[in-house]
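Below, chain A is the first sequence line, B the second, and so on; all start at residue 1.
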Protein chains: 2
Amino acid sequence: MEAQIDTILKSNHLSVTGGRRKILELFLSNPGALSHSDIEKKTEEKFDRVTVYRTLQAFLEKGLIHTIPTADNSIRYALCKDNCSAGHHQDNHVHFICSQCGSTLCLDETTIPSIRLPKGFVAARVEMVVNGVCKNCK
Amino acid sequence: MEAQIDTILKSNHLSVTGGRRKILELFLSNPGALSHSDIEKKTEEKFDRVTVYRTLQAFLEKGLIHTIPTADNSIRYALCKDNCSAGHHQDNHVHFICSQCGSTLCLDETTIPSIRLPKGFVAARVEMVVNGVCKNCK
DNA sequence: ATTTTTTTTGCAACGAAGTTGCGTTTATGT
DNA sequence: ACATAAACGCAACTTCGTTGCAAAAAAAAT
Ligand SMILES: [Mn+2]
Ligand SMILES: [Mn+2]
Ligand SMILES: [Zn+2]
Ligand SMILES: [Zn+2]
């Protein structure tokens, strides 16, 4: 695990530091997505708020994680499992938010269906978020 | 227009006040969705921030407007055109965010396709947001 | 292994965004 | 017109996110 984490950081041209190790470890060991405040709690505020912001920003830019839009103004972040590179994300899978346990999950096997837009509109990226009750809470 | 606005407010059991009139008018005369700050600007800050928050909250609860999820932590609100009632929204249409002009649009004619979720997951509501270039900006 | 250079971190200060309590004002129903 | 109920504006406060800068840590060079 330790080695894996360092390898991931290095292969993404990120210098390996305590904070980045810890936060990446959280993502790897957690099934769902994490919000900024989730991370602050799970690290027991061992790192400064600013460091967490900057780390997430760095991970995002390197294509290590992606954001999940929500209707309640709280960005969630999740690991990219596809071949995402810096700047070009390719996570075209559906996201699920459980109203029971609150967890946000990447449904990696469920791809977003293509749609026909009105004449004149050009799509660059499509997001699909499903709210409901998850497997575990049923 | 004036009469229409009052009718809408009354039929939704909202007492008609200056702020609510003005904000509802904005939604009716605007093609796209509005954020909180959009409203503050377009009303020339004539109403207190708190009043705008409470008005949007009231409109939401009555099923007059709905929110549109975004990945950048900025809630947009748009009029419900379907038969939404208090608590039960039914806006199952696609939303479009233009990266050029920044406007957020309800594609009322474009319905969200149904999807097959993994076994055990139950959907209550599905959101679909498309990013790209809109009709006008092309 | 040391030193130099570069990057990251923590702190402080700041600004924006959102919430709450409360007294005053405004709307509604009789 | 009056009583009651709802909404408003203001102030205070919390939470969230950003920026500049000096200290610390990591990476690169020697
Ligand atoms: Mn995902
Ligand atoms: Mn809509
Ligand atoms: Zn659940
Ligand atoms: Zn546009």
Checking side-chain contact (heavy atoms from CB on, under 4.5 Å) for the pair F121(A)/L107(B): CA distance, chi angles, key distance, verdict? CA-CA 10 Å; F121(A) 289 84; L107(B) 302 181; 4.1 Å; yes
Could you list the donor-acceptor pairs under 3.5 angstrom formed between side-chain atoms of residues 14-34 of chain B and any protein atom two or more places apart in sequence or on another chain?
unit_1: S15(B); atom_1: OG; unit_2: R20(B); atom_2: NH1; d: 3.4
unit_1: T17(B); atom_1: OG1; unit_2: R20(B); atom_2: N; d: 3.4
unit_1: R20(B); atom_1: NH1; unit_2: S15(B); atom_2: O; d: 3.0
unit_1: R21(B); atom_1: NE; unit_2: D6(B); atom_2: OD1; d: 2.7
unit_1: R21(B); atom_1: NH2; unit_2: D6(B); atom_2: OD2; d: 3.1
unit_1: S29(B); atom_1: OG; unit_2: E25(B); atom_2: O; d: 2.9
unit_1: S29(B); atom_1: OG; unit_2: L26(B); atom_2: O; d: 3.4
unit_1: N30(B); atom_1: OD1; unit_2: K42(B); atom_2: NZ; d: 3.3

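- With sequence neighbours left out, the ring pair (Phe, Tyr, Trp, His ring centres under 6.0 Å) criterion links Y77(A) to no other residue.
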At under 4.0 Å between heavy atoms, how does the protein contact nucleotides 12-24 of chain C? Give one character per nucleotide, 5' to 3', with B, S or -. B----SBBBB---
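- As rounded to whole Å, 18 Å separates atom P of dT6(C) from atom NE2 of H13(A).
- Note: CG (L56(A)) to P (dT9(C)) measures 12 Å, nearest angstrom.
- Side-chain contact between I112(B) and M128(A) is present, with heavy atoms from C-beta onward closer than 4.5 Å.
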Take L56(A) and I39(A) through the side-chain contact (heavy atoms from CB on, under 4.5 Å) test and state the conclusion after the steps. CA-CA 10 Å; L56(A) 289 172; I39(A) 292 169; 3.8 Å; yes
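- Separating the CG atom of L9(B) from the C1' atom of dA6(D) is a distance of 14 Å, rounded to the nearest angstrom.
- Rounded to whole Å, the distance from CG on L60(A) to P on dG17(D) is 13 Å.
- dC8(D) atom P lies 12 Å from atom CZ of R21(B), rounded to whole Å.
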Treat primed atoms plus P, OP1 and OP2 as sugar-phosphate and everything else as base, then score nucleotides 22-30 of chain D 5' to 3': B for base contact with protein heavy atoms under 4.0 Å, S for sugar-phosphate contact only, - for none. ----SS---
For residues 97-106 of chain A, please give each side-chain donor-acceptor pair under 3.5 Å, one per line with the distance, not counting sequence neighbours.
unit_1: S99(A); atom_1: OG; unit_2: G132(A); atom_2: O; d: 3.2
unit_1: T104(A); atom_1: OG1; unit_2: R76(A); atom_2: NH1; d: 2.5

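- With sequence neighbours left out, K135(B) forms a side-chain hydrogen bond (donor to acceptor under 3.5 Å, both in side chains) with no residue at all.
- Contact between L79(B) and H66(B) at its shortest, heavy atoms only, is O-CE1, 3.2 Å.
- Nucleotide dT9(C) holds its C1' atom 18 Å from the NZ atom of K22(A), rounded to whole Å.
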